[in-house]
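Below is one structure, written out as structure tokens, with a few remarks after it.
Read the numbers this way: they start at 1 and go in the same order the structure lists the ligands and their atoms. Computation of the quantities below employed the complete heavy-atom set of this structure, encompassing side-chain atoms and omitting hydrogens, waters and symmetry-equivalent molecules. Just so it is clear, the model here is predicted, and its values are computed rather than measured.
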Amino acid sequence: VPERLIVLDVDDTLYLERDYVRGGFASVAVWIEARFGACGFFDRAWAAFEAGRRGDIFNDTLTAIGIEFDAELISTLVTIYRSHTPSIKLLPDAAAFLSRYLGCCSIISDGPLLAQQNKIRSLGLEEKADPIMLTEALGDGYRKPSPRSFDLVQRARRVQASQCVYIADNPLKDFVGPKQLGWKTVRIRREGGLHFDRHSGDDVDVEIRSLDEPAPLPN
Ligand SMILES: [Mg+2]
């Protein structure tokens with residue numbers, strides 16, 4: 001029985017999500033070029049992302065390169081994006097952390113199920129964390145900030161709340177659930193992370209910049 005449980009988020013906690021986005025756009029761009037013979041999708045989409053645009057990048061980029069689209073085409077592109085095989089790697093500090101605490105780590109991650117499963121596989125997390133909880137698999141209403149996934153992981157590992165910590169990057173939704181249960185919370189604020197500019201709220205115990213920094217882990 002482990003004395004402590006360290007639960008980690010995935011996106012922008014163990015690798016940079018922008019690297020996943022880049023690969024997704026590249027896969028979509030290949031398909032667009034084959035289907036329409038049109039170039040420029042990747043550069044425009046990536047520039048829009050870098051400029052902070054979110055939510056309608058596909059529509060915007062298709063318009064910019066002169067391709068008419070409907071909901072069906074957008075849905076096809078979203079499927080290509082979410083099902084692409086990511087070329088992502090654990091950041092060095094994340095790899096070192098998971099090795100150092102091997103046997104103590106679990107994962108809780110939101111996001112489209114297929115996309116998250118592909119990320120888990122690319123990062124080799126099956127051998128490093130248990131259980132791996134993808135909230136999308138729990139059904140509607142159990143994504144973060146719901147405490148449900150945190151409660152399930154705590155029960156699965158048979159530990160007390162005081163023995164648990166959640167390490168994640170998004171102050172908007174990541175820490176409400178674990179805090180409700182009485183867990184410790186650590187916010188990792190990585191340069192290049194999508195939520196880097198957001199300030200931490202009251203539900204964050206400690207903020208760190210890298211997993212090499214000492215965090216207040218349960219004993
Ligand atoms: Mg995240």
Side-chain angles (χ1 to χ4, degrees), residues 5-25 49-50 52-55 57 81-82 84 86-98 101 105-126 128-138 142-150 152-153 164-181 183-213 215 217:
L5 176 57
I6 302 168
V7 183
L8 298 128
D9 172 47
V10 176
D11 300 302
D12 282 336
T13 295
L14 299 178
Y15 82 100
L16 286 181
E17 185 165 5
R18 52 185 283 115
D19 293 336
Y20 177 83
V21 172
R22 190 201 307 264
F25 286 172
F49 177 80
E50 291 270 62
R53 190 159 194 138
R54 300 289 182 270
I57 290 183
Y81 178 89
R82 289 183 179 167
H84 88 278
S87 49
I88 53 175
K89 275 172 46 181
L90 290 172
L91 289 163
D93 62 298
F97 185 94
L98 289 166
Y101 296 106
C105 295
S106 294
I107 297 288
I108 292 178
S109 174
D110 274 353
L113 195 53
L114 178 60
Q116 297 313 98
Q117 286 167 338
N118 287 341
K119 292 173 189 175
I120 298 290
R121 199 169 309 120
S122 285
L123 297 171
L125 291 174
E126 298 102 329
K128 300 178 193 303
D130 181 56
I132 292 173
M133 182 71 69
L134 301 179
T135 60
E136 194 88 357
L138 300 176
Y142 296 125
R143 297 182 190 92
K144 294 181 274 187
S146 165
R148 175 78 173 155
S149 57
F150 297 90
L152 287 171
V153 169
C164 302
V165 62
Y166 189 48
I167 305 179
D169 70 293
N170 185 353
L172 290 182
K173 64 170 186 177
D174 283 342
F175 306 107
V176 175
K179 213 20 135 184
Q180 258 178 45
L181 298 176
W183 291 27
K184 289 189 173 58
T185 51
V186 175
R187 190 260 178 112
I188 181 157
R189 195 168 188 173
R190 290 190 184 281
E191 203 102 33
L194 303 189
H195 304 289
F196 180 77
D197 289 337
R198 255 184 247 290
H199 291 294
S200 296
D202 294 343
D203 52 10
V204 167
D205 292 329
V206 177
E207 194 176 288
I208 56 175
R209 295 282 171 136
S210 131
L211 290 168
D212 289 333
E213 283 178 43
L217 303 176

Salt bridge present between Asp12 and Arg190 (N-O < 4.0 angstrom): no
Ring center gap for Phe150 and Tyr142 short of 6.0 angstrom: no
Flag, side chain of Ser149 to backbone of Ile108, donor-acceptor distance under 3.5 Å: no
Side-chain touch Ser106/Leu5, heavy atoms, less than 4.5 angstrom: yes
Protein N, O or S atoms under 2.8 Å from the Mg ion (ligand 1): 3
Spacing of Ile88 atom CD1 and Leu14 atom CG [to the nearest 0.5 Å]: 9.5 Å
Salt-bridge contact Lys119-Asp11 (side-chain N to carboxylate O under 4.0 Å): yes
